[in-house]
> 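Provided herewith is a single structure, encoded as C-alpha coordinates, for subsequent inquiry.
Note that this is a predicted model, so its numbers are computed, not measured. Counting starts at 1 for both ligands and their atoms, following the listed order.
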Amino acid sequence: MPANLTPEFLEARERFRKAKTDEERLDALMEMLATIPKHKGTEKMRADIKRRIAKLKEKQEQRRRSGGRSGPSYHVEREGAAQMVLVGPPNTGKSSLLALLTNANPEIAPYPMSTFRPCPGMMEYEDIQIQLVDLPPLTREYTEGWVFSLVRAADGAVFCVDLSLDDWRGAAEEALELLRERHIVLGKGPTRQLDWRTVELRTLALGTKIDLASGKAEDFREWAAERFFSTGLVSLETFEGVEEVRALIFRAAGIVRVYTKKPGHPPDMEQPYTLREGATILDVVEHIHKEFVERLKYVRLWGSGKFDGQHAPLDHVVQDGDIVEIHTH
Ligand SMILES: Nc1nc2c(ncn2[C@@H]2O[C@H](COP(=O)(O)OP(=O)(O)OP(=O)(O)O)[C@@H](O)[C@H]2O)c(=O)[nH]1
Ligand SMILES: [Mg+2]
(Lines give C-alpha, C1' and ligand atoms only; values in the text may rest on other atoms or scores of the structure.)
(Ligands and ions follow the chains in the order given, each with its own letter.)
Protein backbone atom coordinates (compact mmCIF):
# COMPACT_ATOMS: atom_id res chain seq x y z
CA MET A 1 0.00 0.00 0.00
CA PRO A 2 1.48 3.43 -0.90
CA ALA A 3 2.41 5.29 2.25
CA ASN A 4 2.47 8.85 0.78
CA LEU A 5 5.33 9.92 3.00
CA THR A 6 5.86 13.67 3.36
CA PRO A 7 9.17 15.46 2.67
CA GLU A 8 9.33 16.30 6.40
CA PHE A 9 9.10 12.64 7.28
CA LEU A 10 11.73 11.63 4.73
CA GLU A 11 14.05 14.31 6.05
CA ALA A 12 13.59 13.08 9.61
CA ARG A 13 14.22 9.50 8.53
CA GLU A 14 17.43 10.60 6.85
CA ARG A 15 18.43 12.31 10.07
CA PHE A 16 17.67 9.14 11.97
CA ARG A 17 19.91 7.11 9.65
CA LYS A 18 22.79 9.53 10.09
CA ALA A 19 22.34 10.01 13.83
CA LYS A 20 25.39 9.25 15.95
CA THR A 21 23.98 9.51 19.44
CA ASP A 22 20.87 8.15 21.12
CA GLU A 23 19.72 11.69 21.78
CA GLU A 24 19.83 12.48 18.06
CA ARG A 25 18.12 9.20 17.26
CA LEU A 26 15.31 9.89 19.69
CA ASP A 27 14.86 13.40 18.38
CA ALA A 28 14.63 12.16 14.80
CA LEU A 29 12.19 9.39 15.74
CA MET A 30 9.91 11.86 17.53
CA GLU A 31 9.93 14.02 14.41
CA MET A 32 9.15 10.97 12.26
CA LEU A 33 6.22 10.09 14.46
CA ALA A 34 4.92 13.64 14.32
CA THR A 35 5.15 13.90 10.54
CA ILE A 36 4.16 10.43 9.35
CA PRO A 37 0.74 10.37 7.63
CA LYS A 38 -1.76 8.55 9.80
CA HIS A 39 -3.61 5.94 7.77
CA LYS A 40 -3.84 2.18 7.41
CA GLY A 41 -0.82 2.01 5.07
CA THR A 42 1.56 3.40 7.70
CA GLU A 43 0.24 1.43 10.66
CA LYS A 44 3.18 -0.99 10.83
CA MET A 45 5.73 1.78 10.39
CA ARG A 46 4.13 3.82 13.16
CA ALA A 47 4.18 0.85 15.51
CA ASP A 48 7.83 0.31 14.69
CA ILE A 49 8.73 3.96 15.34
CA LYS A 50 6.86 3.88 18.65
CA ARG A 51 8.70 0.72 19.69
CA ARG A 52 12.05 2.30 18.93
CA ILE A 53 11.14 5.45 20.84
CA ALA A 54 10.08 3.41 23.85
CA LYS A 55 13.35 1.47 23.75
CA LEU A 56 15.51 4.58 23.58
CA LYS A 57 13.56 6.25 26.37
CA GLU A 58 14.00 3.17 28.51
CA LYS A 59 17.73 3.24 27.82
CA GLN A 60 17.92 6.93 28.77
CA GLU A 61 15.97 6.26 31.93
CA GLN A 62 18.33 3.44 32.91
CA ARG A 63 21.32 5.66 32.31
CA ARG A 64 19.76 8.35 34.46
CA ARG A 65 19.02 5.90 37.26
CA SER A 66 22.53 4.51 37.27
CA GLY A 67 23.74 8.08 37.56
CA GLY A 68 26.82 7.66 35.44
CA ARG A 69 28.07 9.17 32.24
CA SER A 70 25.67 12.03 31.79
CA GLY A 71 27.60 14.43 34.08
CA PRO A 72 26.01 16.90 36.47
CA SER A 73 22.54 18.20 35.85
CA TYR A 74 20.84 21.05 37.64
CA HIS A 75 17.36 22.06 38.51
CA VAL A 76 16.34 25.46 39.82
CA GLU A 77 13.29 25.69 42.04
CA ARG A 78 10.95 28.40 40.75
CA GLU A 79 10.31 31.29 43.10
CA GLY A 80 8.57 34.63 42.80
CA ALA A 81 6.28 35.91 40.09
CA ALA A 82 8.36 34.71 37.12
CA GLN A 83 11.60 33.00 36.23
CA MET A 84 13.90 34.76 33.76
CA VAL A 85 17.14 33.23 32.50
CA LEU A 86 20.30 35.26 31.82
CA VAL A 87 21.85 33.90 28.65
CA GLY A 88 24.45 34.89 26.10
CA PRO A 89 27.98 34.30 24.85
CA PRO A 90 30.85 34.09 27.37
CA ASN A 91 32.03 37.09 29.35
CA THR A 92 29.06 39.30 28.48
CA GLY A 93 28.28 40.39 32.05
CA LYS A 94 25.52 37.94 32.95
CA SER A 95 26.87 37.19 36.41
CA SER A 96 27.65 40.87 37.00
CA LEU A 97 24.04 41.69 36.20
CA LEU A 98 22.75 39.06 38.60
CA ALA A 99 25.02 40.38 41.35
CA LEU A 100 23.79 43.91 40.77
CA LEU A 101 20.06 43.20 40.63
CA THR A 102 19.72 40.50 43.27
CA ASN A 103 21.03 39.31 46.60
CA ALA A 104 23.01 36.51 44.94
CA ASN A 105 26.80 36.30 44.93
CA PRO A 106 27.83 34.66 41.67
CA GLU A 107 31.40 34.25 40.54
CA ILE A 108 32.43 37.18 38.32
CA ALA A 109 35.67 37.00 36.42
CA PRO A 110 37.52 38.93 33.73
CA TYR A 111 37.81 35.78 31.63
CA PRO A 112 35.19 33.71 29.80
CA MET A 113 33.55 30.48 31.11
CA SER A 114 33.62 31.60 34.72
CA THR A 115 30.09 30.35 35.38
CA PHE A 116 29.61 26.60 35.30
CA ARG A 117 26.42 26.05 37.27
CA PRO A 118 23.12 27.90 37.56
CA CYS A 119 22.85 30.65 40.12
CA PRO A 120 19.41 32.01 40.99
CA GLY A 121 18.66 35.31 42.69
CA MET A 122 15.55 37.32 43.47
CA MET A 123 15.12 40.72 41.84
CA GLU A 124 12.77 43.15 43.50
CA TYR A 125 10.57 45.12 41.17
CA GLU A 126 8.23 47.53 42.95
CA ASP A 127 5.92 45.22 44.91
CA ILE A 128 6.92 41.85 43.45
CA GLN A 129 9.94 39.61 43.09
CA ILE A 130 11.20 38.05 39.89
CA GLN A 131 13.66 35.19 39.87
CA LEU A 132 16.73 35.65 37.68
CA VAL A 133 18.82 32.59 36.86
CA ASP A 134 22.43 33.16 35.81
CA LEU A 135 23.69 30.41 33.52
CA PRO A 136 26.96 29.28 31.98
CA PRO A 137 27.71 30.89 28.62
CA LEU A 138 26.44 29.51 25.33
CA THR A 139 29.30 28.07 23.32
CA ARG A 140 29.47 25.12 21.00
CA GLU A 141 32.29 23.41 22.88
CA TYR A 142 31.26 24.08 26.39
CA THR A 143 27.52 24.28 27.00
CA GLU A 144 25.99 21.19 28.56
CA GLY A 145 22.51 19.88 27.86
CA TRP A 146 21.02 20.90 31.19
CA VAL A 147 21.61 24.58 30.36
CA PHE A 148 19.20 24.28 27.45
CA SER A 149 16.68 22.47 29.63
CA LEU A 150 16.70 25.34 32.11
CA VAL A 151 16.34 27.90 29.32
CA ARG A 152 13.36 26.03 27.85
CA ALA A 153 11.54 26.04 31.16
CA ALA A 154 11.85 29.78 31.82
CA ASP A 155 9.18 32.45 31.43
CA GLY A 156 11.49 34.64 29.39
CA ALA A 157 15.11 35.48 28.70
CA VAL A 158 17.57 38.32 29.09
CA PHE A 159 20.01 37.93 26.23
CA CYS A 160 23.29 39.67 27.08
CA VAL A 161 25.48 40.97 24.27
CA ASP A 162 28.94 42.41 25.00
CA LEU A 163 29.05 45.60 22.92
CA SER A 164 32.73 46.22 23.66
CA LEU A 165 33.53 43.49 21.14
CA ASP A 166 34.13 44.49 17.53
CA ASP A 167 32.16 41.51 16.36
CA TRP A 168 29.38 41.57 18.96
CA ARG A 169 26.90 40.71 16.25
CA GLY A 170 28.73 37.54 15.20
CA ALA A 171 29.07 36.41 18.81
CA ALA A 172 25.38 37.05 19.48
CA GLU A 173 24.23 35.28 16.35
CA GLU A 174 26.33 32.24 17.13
CA ALA A 175 24.70 31.94 20.54
CA LEU A 176 21.23 32.33 19.02
CA GLU A 177 22.05 29.66 16.45
CA LEU A 178 23.12 27.28 19.21
CA LEU A 179 19.78 27.76 20.92
CA ARG A 180 17.90 27.35 17.66
CA GLU A 181 19.61 24.00 17.09
CA ARG A 182 18.13 22.97 20.43
CA HIS A 183 14.71 24.24 19.30
CA ILE A 184 14.75 27.34 21.46
CA VAL A 185 13.92 30.64 19.80
CA LEU A 186 14.68 33.90 21.55
CA GLY A 187 12.19 36.34 20.09
CA LYS A 188 9.32 38.71 20.58
CA GLY A 189 7.14 36.17 22.35
CA PRO A 190 4.79 35.71 24.04
CA THR A 191 6.65 32.79 25.58
CA ARG A 192 5.00 29.69 24.22
CA GLN A 193 5.38 26.30 22.62
CA LEU A 194 5.63 26.84 18.84
CA ASP A 195 5.34 23.18 17.90
CA TRP A 196 5.85 19.88 19.64
CA ARG A 197 9.47 20.57 20.38
CA THR A 198 10.18 24.24 19.76
CA VAL A 199 9.69 26.97 22.34
CA GLU A 200 9.82 30.70 21.86
CA LEU A 201 10.90 32.84 24.80
CA ARG A 202 10.00 36.48 25.06
CA THR A 203 13.39 38.15 25.21
CA LEU A 204 14.95 41.37 26.37
CA ALA A 205 18.14 41.97 24.38
CA LEU A 206 20.58 43.73 26.65
CA GLY A 207 23.68 45.43 25.24
CA THR A 208 26.29 45.40 28.02
CA LYS A 209 29.57 47.21 28.66
CA ILE A 210 28.40 50.35 26.85
CA ASP A 211 31.15 52.24 28.67
CA LEU A 212 33.52 50.45 26.28
CA ALA A 213 31.29 50.62 23.23
CA SER A 214 30.98 54.17 22.03
CA GLY A 215 28.95 54.54 18.87
CA LYS A 216 27.55 51.01 18.82
CA ALA A 217 24.29 51.60 20.66
CA GLU A 218 22.26 52.54 17.60
CA ASP A 219 23.54 49.59 15.56
CA PHE A 220 22.63 47.28 18.40
CA ARG A 221 19.14 48.75 18.79
CA GLU A 222 18.55 48.37 15.08
CA TRP A 223 19.78 44.78 15.05
CA ALA A 224 17.75 43.86 18.12
CA ALA A 225 14.52 45.71 17.30
CA GLU A 226 13.35 43.30 14.64
CA ARG A 227 14.27 40.18 16.58
CA PHE A 228 13.36 40.67 20.21
CA PHE A 229 10.56 41.91 22.43
CA SER A 230 12.62 44.81 23.78
CA THR A 231 16.09 46.29 23.95
CA GLY A 232 18.17 47.78 26.75
CA LEU A 233 21.67 49.15 27.18
CA VAL A 234 23.72 49.06 30.36
CA SER A 235 27.11 49.58 31.81
CA LEU A 236 27.79 47.80 35.04
CA GLU A 237 30.90 49.95 35.32
CA THR A 238 29.29 53.42 35.17
CA PHE A 239 25.78 52.14 36.05
CA GLU A 240 24.35 53.89 33.01
CA GLY A 241 20.99 52.33 32.14
CA VAL A 242 20.80 50.21 35.28
CA GLU A 243 17.72 52.00 36.62
CA GLU A 244 15.67 50.98 33.59
CA VAL A 245 16.75 47.34 33.54
CA ARG A 246 14.40 46.18 36.28
CA ALA A 247 11.34 47.51 34.49
CA LEU A 248 12.54 46.07 31.18
CA ILE A 249 12.96 42.64 32.75
CA PHE A 250 9.53 42.89 34.39
CA ARG A 251 7.88 43.67 31.05
CA ALA A 252 9.71 40.87 29.27
CA ALA A 253 8.54 38.44 31.96
CA GLY A 254 4.99 38.75 30.62
CA ILE A 255 3.14 39.03 33.91
CA VAL A 256 0.43 41.34 35.16
CA ARG A 257 -0.32 42.36 38.73
CA VAL A 258 -3.88 42.38 39.94
CA TYR A 259 -4.98 43.85 43.27
CA THR A 260 -8.08 42.98 45.21
CA LYS A 261 -10.52 44.96 47.28
CA LYS A 262 -13.33 44.00 49.59
CA PRO A 263 -16.68 45.73 49.11
CA GLY A 264 -16.73 48.97 51.05
CA HIS A 265 -13.00 48.89 51.72
CA PRO A 266 -10.02 50.47 49.99
CA PRO A 267 -8.02 48.10 47.77
CA ASP A 268 -5.18 46.03 49.22
CA MET A 269 -2.23 47.52 47.37
CA GLU A 270 0.34 45.62 49.41
CA GLN A 271 0.21 42.19 47.87
CA PRO A 272 -0.73 41.83 44.23
CA TYR A 273 -1.67 38.55 42.62
CA THR A 274 0.50 37.87 39.60
CA LEU A 275 -0.81 36.18 36.47
CA ARG A 276 0.43 35.57 32.96
CA GLU A 277 -0.32 38.28 30.46
CA GLY A 278 -3.54 37.51 28.62
CA ALA A 279 -5.28 36.27 31.78
CA THR A 280 -9.00 37.07 31.96
CA ILE A 281 -11.21 38.13 34.84
CA LEU A 282 -12.27 34.49 35.16
CA ASP A 283 -8.61 33.41 35.39
CA VAL A 284 -8.11 35.95 38.15
CA VAL A 285 -11.10 34.66 40.12
CA GLU A 286 -9.92 31.08 39.72
CA HIS A 287 -6.36 32.02 40.67
CA ILE A 288 -7.47 33.72 43.87
CA HIS A 289 -9.79 30.95 44.96
CA LYS A 290 -10.96 27.99 42.88
CA GLU A 291 -14.21 27.81 44.85
CA PHE A 292 -15.11 31.39 43.95
CA VAL A 293 -15.76 30.34 40.36
CA GLU A 294 -18.83 28.30 41.26
CA ARG A 295 -20.17 30.89 43.66
CA LEU A 296 -19.41 33.88 41.47
CA LYS A 297 -22.06 36.59 41.08
CA TYR A 298 -20.04 39.33 39.39
CA VAL A 299 -16.72 41.14 39.46
CA ARG A 300 -16.27 44.90 39.66
CA LEU A 301 -13.16 46.24 38.01
CA TRP A 302 -11.06 49.37 38.35
CA GLY A 303 -8.35 50.03 35.77
CA SER A 304 -7.84 48.48 32.32
CA GLY A 305 -7.85 52.00 30.94
CA LYS A 306 -11.56 52.60 31.26
CA PHE A 307 -13.12 50.71 34.16
CA ASP A 308 -14.12 52.54 37.28
CA GLY A 309 -16.00 49.97 39.31
CA GLN A 310 -18.25 48.64 36.53
CA HIS A 311 -19.09 44.95 36.22
CA ALA A 312 -16.42 43.34 34.05
CA PRO A 313 -17.14 40.61 31.50
CA LEU A 314 -15.54 37.35 32.60
CA ASP A 315 -13.54 37.12 29.38
CA HIS A 316 -12.11 40.61 29.81
CA VAL A 317 -8.30 40.51 29.66
CA VAL A 318 -6.83 42.18 32.73
CA GLN A 319 -3.99 44.68 32.65
CA ASP A 320 -1.13 45.30 35.02
CA GLY A 321 -2.38 47.30 38.00
CA ASP A 322 -6.06 46.38 37.70
CA ILE A 323 -8.15 46.14 40.88
CA VAL A 324 -10.95 43.60 41.23
CA GLU A 325 -13.77 43.25 43.71
CA ILE A 326 -15.23 39.75 43.65
CA HIS A 327 -18.88 39.24 44.61
CA THR A 328 -20.00 35.70 45.38
CA HIS A 329 -23.22 34.00 46.49
N1 LIG B 1 33.76 47.74 31.53
C2 LIG B 1 32.78 46.91 31.88
N3 LIG B 1 33.07 45.67 32.32
C4 LIG B 1 32.07 44.86 32.65
C5 LIG B 1 30.70 45.24 32.52
N6 LIG B 1 29.94 44.19 32.90
C7 LIG B 1 30.76 43.20 33.23
N8 LIG B 1 32.06 43.59 33.09
C9 LIG B 1 33.26 42.78 33.33
O10 LIG B 1 33.25 41.74 32.38
C11 LIG B 1 33.83 40.55 32.94
C12 LIG B 1 32.89 39.38 32.78
O13 LIG B 1 31.76 39.58 33.59
P14 LIG B 1 30.87 38.37 34.08
O15 LIG B 1 29.71 38.97 34.79
O16 LIG B 1 31.68 37.35 34.79
O17 LIG B 1 30.40 37.79 32.67
P18 LIG B 1 29.59 36.46 32.37
O19 LIG B 1 28.74 36.73 31.20
O20 LIG B 1 28.89 36.00 33.60
O21 LIG B 1 30.76 35.46 31.98
P22 LIG B 1 30.67 33.85 31.83
O23 LIG B 1 30.01 33.32 33.05
O24 LIG B 1 32.06 33.42 31.72
O25 LIG B 1 29.89 33.63 30.60
C26 LIG B 1 34.13 40.91 34.38
O27 LIG B 1 35.49 41.26 34.47
C28 LIG B 1 33.26 42.09 34.67
O29 LIG B 1 33.75 42.93 35.68
C30 LIG B 1 30.42 46.56 32.05
O31 LIG B 1 29.28 47.00 31.90
N32 LIG B 1 31.49 47.35 31.74
MG1 LIG C 1 29.02 34.21 34.52
> Can you tell me the protein heavy atom closest to atom 29 (O) of ligand 1 and the distance?
I108 CG2, 4.1 Å
> For E126 and F250: C-alpha separation, side-chain torsions, deciding distance, then whether side-chain contact (heavy atoms from CB on, under 4.5 Å) applies.
CA-CA 10 Å; E126 297 179 349; F250 166 69; over 6 Å; no
> Please say whether more than 12 non-hydrogen atoms of neighbouring residues, nucleotides or ligands are located less than 6.0 Å from NZ in K38.
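More than 12 within 6.0 Å, yes.
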> Taking everything shown except E8 itself, do over 12 heavy atoms lie less than 6.0 Å from its CD?
yes
> Answer with yes or no whether the side chains of T260 and D268 bring together a donor and an acceptor at under 3.5 Å.
no
> With heavy atoms of A109 as the reference, note each atom of ligand 1 found under 4.0 Å away.
11 (C), 12 (C), 13 (O), 16 (O), 26 (C), 27 (O)
> Kindly confirm or rule out a cation-pi arrangement of R202 over F229, judged by NZ or CZ under 6.0 Å from the six-membered ring centre and within 45° of its axis?
yes
> At less than 4.0 angstrom from any non-hydrogen atom of T92, what atoms of ligand 1 do you find?
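Result: 17 (O), 18 (P), 19 (O).
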> Which atoms of ligand 1 are found less than 4.0 Å from any heavy atom of P90?
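Near P90, meaning under 4.0 Å from one of its heavy atoms, ligand 1 has 25 (O).
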> Does CD in E11 sit with more than 12 non-hydrogen atoms of other residues, nucleotides or ligands closer than 6.0 Å?
no
> Within the structure, is a non-hydrogen atom of D211 found at a distance of less than 4.0 Å from ligand 1?
yes
> May I ask you to check if ligand 1 and I210 share an N or O to N or O distance below 3.5 Å?
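I210 vs ligand 1: no N/O contact under 3.5 Å.
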> Can you confirm whether P272 sits close enough to I128 that some side-chain heavy atom of one is under 4.5 Å from a side-chain heavy atom of the other?
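Counting from C-beta outward, P272 and I128 do come under 4.5 Å.
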> Got an N, O or S from S95 under 2.8 Å of the Mg ion (ligand 2)?
yes
> Looking only at protein heavy atoms, identify the closest one to atom 27 (O) of ligand 1 and say how far it is in Å.
P110 CA, 3.2 Å
> So which heavy atom in the protein is nearest atom 19 (O) of ligand 1, and how far is it from that ligand atom?
K94 NZ, 2.7 Å
> Looking at every non-hydrogen atom in both residues, tell me the closest pair between L204 and A252 and how far apart they are.
CB-CB, 4.0 Å
> Indicate yes or no for a side-chain donor-acceptor contact from R169 to the backbone of F220 under 3.5 Å, with no hydrogens or angles considered.
no
> Taking atom types as modelled, is there a side-chain donor on T280 or D315 under 3.5 Å from an acceptor on the other?
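No.
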> Has N91 got an N/O/S atom less than 2.8 Å from the Mg ion (ligand 2)?
no
> Is there any N or O on V234 that sits under 3.5 Å from an N or O of ligand 1?
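No, there is no polar N/O contact under 3.5 Å.
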> Give the atom numbers and elements of ligand 1 that come within less than 4.0 Å of a heavy atom of S96.
7 (C), 13 (O), 14 (P), 15 (O), 28 (C)
> May I ask you to identify the nearest protein heavy atom to atom 23 (O) of ligand 1, giving residue, atom name and distance to one decimal place in Å?
T115 OG1, 2.8 Å
> Measure the distance from atom 31 (O) of ligand 1 to every protein heavy atom, then report the residue, atom name and distance (to 0.1 Å) of the closest one.
L236 N, 2.6 Å
> Identify the protein heavy atom lying closest to atom 10 (O) of ligand 1, giving its residue, its atom name and the separation to 0.1 Å.
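Checking every protein heavy atom, the shortest distance to atom 10 (O) of ligand 1 gives K209 NZ, 3.1 Å.
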> Show which atoms of ligand 1 fall inside a sub-4.0 Å distance from at least one heavy-atom site of N91.
11 (C), 12 (C), 17 (O), 18 (P), 19 (O), 21 (O), 22 (P), 24 (O), 25 (O)
> Distance to 0.1 Å, residue and atom name: give those for the protein heavy atom nearest to atom 17 (O) of ligand 1.
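Looking at atom 17 (O) of ligand 1, the protein heavy atom closest to it is G93 N, 3.0 Å.
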> Could you list the atoms of ligand 1 found under 4.0 angstrom from a heavy atom of S235?
31 (O)
> Determine, for R276 against D283, whether the closest basic-nitrogen to carboxylate-oxygen distance falls under 4.0 angstrom.
no
> Could you tell me whether S114 and ligand 1 have an N or O pair separated by under 3.5 Å?
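Between S114 and ligand 1, an N or O pair is found under 3.5 Å apart.
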> List every atom of ligand 1 that sits less than 4.0 Å from any heavy atom of L212, numbering the atoms from 1 in the order shown and giving each element.
1 (N)
> Mark yes when over 12 heavy atoms from residues, nucleotides or ligands other than E270 sit less than 6.0 Å from its CD; otherwise mark no.
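12 or below, so no.
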